[in-house]
Amino acid sequence: MRTKKEAQDAIRVMGTLFPEAECELNFRNPFELLIAVVLSAQCTDALVNRVTKHLFEKYRDPKAYIAVPLEELQHDIRSIGLFRNKAKNIQSLCYTLLEKHGGNVPQTREELEALAGVGRKTANVVLSVAFGIPAIAVDTHVERVTKRLGICRWKDTVRQVEDTLMKKLEKETWGDAHHRLIFFGRYHCKAQSPRCPNCPLLDRCREGQKRLKKQTTG
DNA sequence: AACTCGGGGCA
DNA sequence: TGCCCAGAGTT
C-alpha cells in the first residue's frame with residue numbers, strides 16, 4: 001500500500017500525460033447529467049455525447065421521456081449498446097422522479113441508487129458533479145489503475161477502493177483525480193495492452209515491471 | 001461470484 | 001471478423 005504522498009504524486013504525473021483531457025459528458029442540469037451517466041454504462045463519453053446532442057433537444061424533462069412509446073425512445077438511442085434496457089430504465093426512472101421527487105433529481109445516495117439503471121458509480125457521479133457532494137466514482141479504469149500501482153490492494157472491493165482514495169487524496173482534488181485516472185486507464189494503462197515501456201510511472205509500478213520482465217523473457 | 005445485455009471501437 | 005468494453009440487475 002502506498003502512502004498518501006506517493007498516491008497523490010502518481011496521480012499528479014498522470015495529468016502530465018493528458019493535459020487536454022476534456023472529454024466529458026454534455027449536460028446542462030442535474031437531470032441531463034443523470035440521463036447521460038445512465039446511458040454511458042459500457043460505452044464511451046464521445047458516443048453518449050453524439051446521442052444526447054439530439055436527445056436533449058427532444059426530451060427536456062421526465063414527462064417528455066414517458067410521453068413516447070418505449071420503442072420510440074429505444075430507436076432514439078439505438079446507436080448505444082444495451083439500448084433496450086437503458087430505454088426501459090430511463091422511462092422507469094422518470095416515473096419515479098415524478099412520483100416521488102416532484103420531477104427533480106434526488107440528492108442522497110439512497111434515493112439515487114433506488115432509481116432504475118442507477119448503481120453506485122452513477123450515484124457518485126451525480127452527487128459529486130451535479131450537487132458538489134464529496135464522492136469518488138470508481139469505474140473499471142479507476143479500479144484497475146489504482147490496483148496496478150499499488151495504491152489499492154488487488155483483493156479490494158469497489159467500496160474499499162473508494163474508501164482508500166477518499167483517505168489518500170485531498171477532497172478538493174477528487175474531481176481532477178477521477179478524470180486523470182480515467183484517461184490514464186483508457187489510453188495508457190489499458191486493460192489488455194498497457195503501454196508500460198514508456199510509462200512515466202514505471203519506476204514505481206510493480207505490475208508494470210512484472211509485465212516487462214515477462215515480455216522480455218518470454 | 002458469475003452471468004447477461006449489445007452496438008461501437010479497434011486490432 | 002472477432003474480441004473487448006467509460007455498469008447494473010438478476011440468480
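Residue numbers begin at 1 in each chain, while the letters A, B, ... track the order of the sequences.
Here the separation of C:dG7 from B:dC10, taken at their P atoms, is 16 Å to the nearest Å. When the C1' atom is compared between B:dA1 and C:dA6, the two are found 23 Å apart, to the nearest whole Å. B:dG6 and C:dT1 have their P atoms separated by 25 Å, given to the nearest Å. Comparing the P positions of C:dC3 and B:dT4 gives a spacing of 16 Å, expressed to the nearest Å.
C:dG7 atom P lies 5 Å from atom NZ of A:K121, rounded to whole Å. The separation between A:N124 atom CG and C:dA6 atom C1' is 15 Å, rounded to whole Å. C:dA6 atom P lies 12 Å from atom NZ of A:K86, rounded to whole Å. Taking atom NE2 on A:H141 and atom P on C:dC4, their separation rounds to 15 Å, with Å as the unit. Between A:R144 atom CZ and C:dG7 atom C1' the separation is 14 Å, expressed in whole Å. Atom pair A:I80:CD1 and C:dG7:C1' shows a separation of 13 Å (rounding to whole Å applied). Here C:dG9 presents its C1' atom at 14 Å from CG of A:L115, a figure rounded to the nearest Å. The distance from atom CG of A:N89 to atom P of C:dG9 is 7 Å, rounded to the nearest whole Å.
Here the side chain of A:S92 pairs no donor or acceptor atom with the backbone of A:K88 at under 3.5 angstrom. The backbone N or O of A:D156 lies less than 3.5 Å from a partner atom in the side chain of A:K147, making a donor-acceptor pair. Formation of a donor-acceptor pair under 3.5 Å by the A:K168 side chain with backbone atoms of A:E6 is not found in this model.
No side-chain donor-acceptor contact under 3.5 Å links A:T173 and A:E170.
Nucleic acid contact for A:V118: sugar-phosphate only, since backbone atoms but no base atoms lie under 4.0 Å from a heavy atom of the residue. Counting non-hydrogen atoms under 4.0 angstrom, A:G81 reaches a base of the nucleic acid. Among the atoms of the strands shown, none is found under 4.0 Å from any heavy atom of A:S193.
The phosphate of B:dG9 has neither OP1 nor OP2 within less than 4.0 Å of any side-chain N or O from A:T44. Between A:S40 and C:dA6 there is no side-chain polar atom (N or O) within less than 4.0 angstrom of OP1 or OP2.
Remark on DNA chain C: of its neighbouring residues A:C43 and A:G117, the 5'-side contact belongs to A:C43, judged by nearest-heavy-atom nucleotide. Looking at which nucleotide of DNA chain B each of A:F83 and A:R186 is closest to, the 5′-most match is held by A:F83.
Nearest to the side chain of A:R50, among B:dG8, C:dG7, B:dG9, sits B:dG9. Each of B:dG8, C:dA6, B:dG6 was ranked by its minimum atom distance to the side chain of A:N85; first place goes to B:dG6. Checking C:dA6, C:dG7, B:dG6 against every side-chain atom of A:I182, the shortest atom distance belongs to C:dA6. Out of B:dG7, C:dA6, C:dG7, the shortest distance to the side chain of A:R84 is found at B:dG7.
Between A:P200 and A:H188, the closest heavy-atom pair is CD-NE2, 4.2 Å.
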Salt bridge (charged side-chain N to carboxylate O under 4.0 Å, His left out) assessment of A:E57 paired with A:R28: CA-CA 11 Å; A:E57 297 312 316; A:R28 293 170 295 193; 3.5 Å; yes
